[in-house]
Amino acid sequence: MNLCYKLAMKAEGITSPNPMVGALVVKNGRILGRGYHKKAGLPHAEVIALDEAGKNAKGATLYSTLEPCTHFGRTPPCVDRIIKSGIKEVIVGMLDPNPLNNGAGIRILKQHKIKVKAGFLEDKLRKLNAVFIKYITEKLPYVTVKVGQSLDGKIATKAGDSKWITSDTARAYARRIRRNYDAIMVGVNTVLRDNPVLDAWFSKRQPIKIVVDSQLSTPQNADIFLNNSPVIIITIPTKPGQETENRKILADKAKILEVKEKEGQVNLRDAMKKLAQLQISNILVEGGGTLIGSLFDEGLVDKVLFFISPKIIGGKEAISSVMGRGVARIDKALKLKDVRLKRIGQDLLVEGYV
């Protein structure tokens with residue numbers, strides 16, 4: 001199962017909205033076939049492994065990190081292929097969280113006299129597919145917040161200067177990890193202040209760029225429009241007769257996604273639901289402090305990546321990395337789980353889960 005896990009990891013960041021899955025066909029201690037799911041719409045891991053094993057799959061054992069599927073999606077059901085192959089036993093890492101399949105794959109295999117054992121490395125595999133699990137069960141994207149801040153929690157000075165707080169090494173690292181996400185999200189103030197491009201380095205697949213902009217004040221010549229990556233601007237409905245010229249121009253450059261309003265601003269929970277409907281399963285949020293604070297307030301954050309520079313900016317008017325309402329009591333503060341620390345150049349990366 002560890003080998004299956006390593007196979008699944010080969011497709012990190014490119015299977016969305018599908019899960020990462022690895023599979024092996026084994027007989028008499030020999031691996032006859034290997035497979036991993038490479039991309040939505042392409043064959044599943046089990047089918048690839050069975051194809052490689054060919055006729056030798058008869059009487060063999062199939063190992064898979066995830067329960068084989070039973071339903072027609074972009075590809076046929078994997079259980080049909082397993083039954084046809086003559087596999088005698090299937091070892092499953094974890095059940096499929098998809099309500100369309102949950103437990104059904106195992107049940108059908110058993111009905112066809114195939115032995116099935118399930119529940120191996122389950123905690124590790126749930127972390128592997130945390131994005132898919134949330135997306136398929138809650139119909140919401142998995143949200144990671146990435147922050148580059150000073151030691152005292154600032155992302156800009158009182159004058160709005162933010163270039164650069166973290167080191168070149170940390171910023172390069174952050175740009176590389178963008179390729180593992182469907183979309184990069186920022187608030188409009190980040191666009192106005194920093195004018196980012198939001199591209200992913202060394203990646204054939206560029207993430208979708210998302211701007212949260214309730215007043216549609218994103219500049220027409222903003223750098224997010226420089227390449228051919230899709231741009232989504234999330235805003236609130238415009239009242240009849242109040243449509244601006246800027247809105248009309250932006251509509252030619254980006255998808256304008258209207259969502260519900262909350263206290264005059266974008267309703268972030270409704271925005272996330274609508275983004276999931278567009279098959280966006282995971283999002284990297286890169287600022288600013290107001291958007292990040294609001295996402296924490298709404299309980300929409302799943303993971304954090306805080307790059308902390310050994311600099312002290314100071315000033316009560318300097319912009320903080322996490323704003324929003326916050327909490328009134330320390331015992332209500334958000335406590336991260338599975339925290340990991342990593343040195344990136346001169347900076348410290350704190351990675352944790354909500």
Side-chain angles (χ1 to χ4, degrees), residues 143-178 181 184-201 209-215 217-219 222-224 265-266 268 283-298 300-336 339-354:
V143 176
T144 300
V145 163
K146 194 273 295 184
V147 168
Q149 66 172 43
S150 63
L151 192 60
D152 55 339
K154 307 298 184 182
I155 58 172
T157 67
K158 61 183 179 181
D161 183 30
S162 61
K163 296 181 179 178
W164 296 104
I165 293 175
T166 54
S167 64
D168 291 347
T169 306
R171 294 198 308 279
Y173 182 91
R175 287 190 177 97
R176 286 196 300 271
I177 64 173
R178 287 174 178 169
Y181 293 86
I184 312 298
M185 175 183 282
V186 295
V188 67
N189 288 336
T190 297
V191 175
L192 294 171
R193 185 181 68 238
D194 297 338
N195 196 23
V197 178
L198 301 181
D199 58 346
W201 284 11
K209 304 170 185 182
I210 302 174
V211 181
V212 179
D213 182 3
S214 60
Q215 304 303 314
S217 54
T218 299
D223 284 354
I224 56 170
Q265 300 297 316
V266 163
L268 290 171
I283 298 173
L284 181 66
V285 181
E286 296 202 1
T290 300
L291 173 61
I292 290 172
S294 297
L295 287 167
F296 276 114
D297 289 342
E298 295 295 326
L300 293 167
V301 181
D302 300 287
K303 180 180 177 180
V304 301
L305 298 168
F306 274 54
F307 294 83
I308 303 173
S309 170
K311 297 174 183 174
I312 296 174
I313 291 174
K316 64 181 180 179
E317 295 176 4
I319 303 170
S320 297
S321 58
V322 182
M323 299 171 77
R325 295 190 305 271
V327 298
R329 294 170 53 91
I330 291 297
D331 61 3
K332 299 296 182 184
L334 198 62
K335 300 176 184 68
L336 297 180
V339 176
R340 293 195 298 174
L341 305 178
K342 185 176 183 178
R343 185 77 175 265
I344 308 289
Q346 293 299 309
D347 302 324
L348 181 68
L349 170 60
V350 180
E351 178 180 350
Y353 298 83
V354 177

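Numbers for residues simply follow the sequence, beginning at 1. All figures in this text were calculated on a predicted structure; none of them were measured in a lab.
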Colleague: Would a distance-only check, ignoring hydrogens and angles, find a side-chain to backbone donor-acceptor pair under 3.5 Å from Lys158 to Gly315?
Modeller: no
Colleague: Go through the structure and list residues passing side-chain contact (heavy atoms from CB on, under 4.5 Å) with Ala174, not counting sequence neighbours.
Modeller: Lys146, Phe307
Colleague: Please name all residues satisfying side-chain hydrogen bond (donor to acceptor under 3.5 Å, both in side chains) with Arg178, sequence neighbours left out, ordered by chain then number.
Modeller: Glu286
Colleague: Apply side-chain contact (heavy atoms from CB on, under 4.5 Å) to Phe306 and Leu336, showing your working.
Modeller: CA-CA 12 Å; Phe306 274 54; Leu336 297 180; over 6 Å; no
Colleague: By the definition side chain to side chain contact (heavy atoms under 4.5 Å, CB included), identify the one residue from Ile184, Val188, Leu198 that meets it with Val211.
Modeller: Val188
Colleague: Partners of Arg343 by salt bridge (charged side-chain N to carboxylate O under 4.0 Å, His left out), sequence neighbours excluded?
Modeller: none
Colleague: Quick check: closest heavy atoms across Gly326 and Asp297, and the distance to 0.1 Å?
Modeller: N-OD1, 3.3 Å
Colleague: Let me see the working for Thr218 and Ile224 under side-chain contact (heavy atoms from CB on, under 4.5 Å), right down to the final yes or no.
Modeller: CA-CA 10 Å; Thr218 299; Ile224 56 170; 4.3 Å; yes
Colleague: Applying side-chain contact (heavy atoms from CB on, under 4.5 Å) to Val304 and Val147, what does each step give before you reach the verdict?
Modeller: CA-CA 8 Å; Val304 301; Val147 168; over 6 Å; no
Colleague: Rounded to the nearest 0.5 Å, what separates atom CD1 in Ile292 from atom CD1 in Ile155?
Modeller: 6.0 Å
Colleague: My understanding is that only residues two or more places apart in sequence, or in another chain, count here; which of them pass salt bridge (charged side-chain N to carboxylate O under 4.0 Å, His left out) with Asp213?
Modeller: none
Colleague: Which atoms form the tightest heavy-atom contact between Gly160 and Arg193, and what is the distance?
Modeller: O-CD, 3.3 Å
Colleague: For residues 347-354, which side-chain donor-acceptor pairs fall under 3.5 Å, sequence neighbours excluded?
Modeller:
{"residue": "Asp347", "atom": "OD2", "partner": "Ser167", "partner atom": "N", "Å": "2.7"}
{"residue": "Asp347", "atom": "OD2", "partner": "Ser167", "partner atom": "OG", "Å": "2.9"}
{"residue": "Glu351", "atom": "OE1", "partner": "Arg340", "partner atom": "NH2", "Å": "3.3"}
{"residue": "Glu351", "atom": "OE2", "partner": "Lys303", "partner atom": "NZ", "Å": "3.1"}
{"residue": "Glu351", "atom": "OE2", "partner": "Arg340", "partner atom": "NH2", "Å": "3.2"}

Colleague: Specify the closest pair of heavy atoms between Ala170 and Ile344, including all atoms of both residues, with the distance to one decimal.
Modeller: CA-CG2, 3.5 Å
Colleague: Does the side chain of Val186 reach to within under 4.5 Å of the side chain of Lys209, using non-hydrogen atoms?
Modeller: no
Colleague: Can you list every pair that meets salt bridge (charged side-chain N to carboxylate O under 4.0 Å, His left out) and has a residue in residues 160-172, with sequence neighbours left out?
Modeller: Asp168-Arg171
Colleague: Residues two or more places apart in sequence or in another chain: which of them pass side-chain hydrogen bond (donor to acceptor under 3.5 Å, both in side chains) with Gln265?
Modeller: Ser214
Colleague: Rounded to the nearest 0.5 Å, how far apart are CG of Leu284 and CG of Leu305?
Modeller: 7.0 Å
Colleague: With sequence neighbours excluded, what pairs up with Thr190 under the side-chain hydrogen bond (donor to acceptor under 3.5 Å, both in side chains) test?
Modeller: none
Colleague: Below 4.5 Å, heavy atoms only, C-beta onward: do Leu334 and Val301 meet side chain to side chain?
Modeller: no
Colleague: Any side-chain hydrogen bond (donor to acceptor under 3.5 Å, both in side chains) involving residues 305-321? Give me the pairs, sequence neighbours left out, ordered by first then second residue.
Modeller: Gln149-Ser321
Colleague: Counting N and O atoms only, with roles assigned by atom type, does the side chain of Asp223 sit under 3.5 Å from a partner on the main chain of Pro196, one being a donor and the other an acceptor?
Modeller: no
Colleague: Considering residues at least two apart in sequence or located in another chain, which fulfil the side-chain contact (heavy atoms from CB on, under 4.5 Å) criterion with Ile312?
Modeller: Leu151, Asp152
Colleague: For Asp194, what residues pass the salt bridge (charged side-chain N to carboxylate O under 4.0 Å, His left out) criterion, not counting sequence neighbours?
Modeller: none
Colleague: Could you work out, with side-chain hydrogen bond (donor to acceptor under 3.5 Å, both in side chains) as the rule, every residue matching Arg329, not counting sequence neighbours?
Modeller: Asp331
Colleague: Starting at CZ of Phe296, measure out to CG of Leu291 and round the result to the nearest 0.5 Å.
Modeller: 10.5 Å
Colleague: Does Lys335 have more than 12 heavy atoms from other residues, nucleotides or ligands lying within 6.0 Å of its NZ?
Modeller: yes
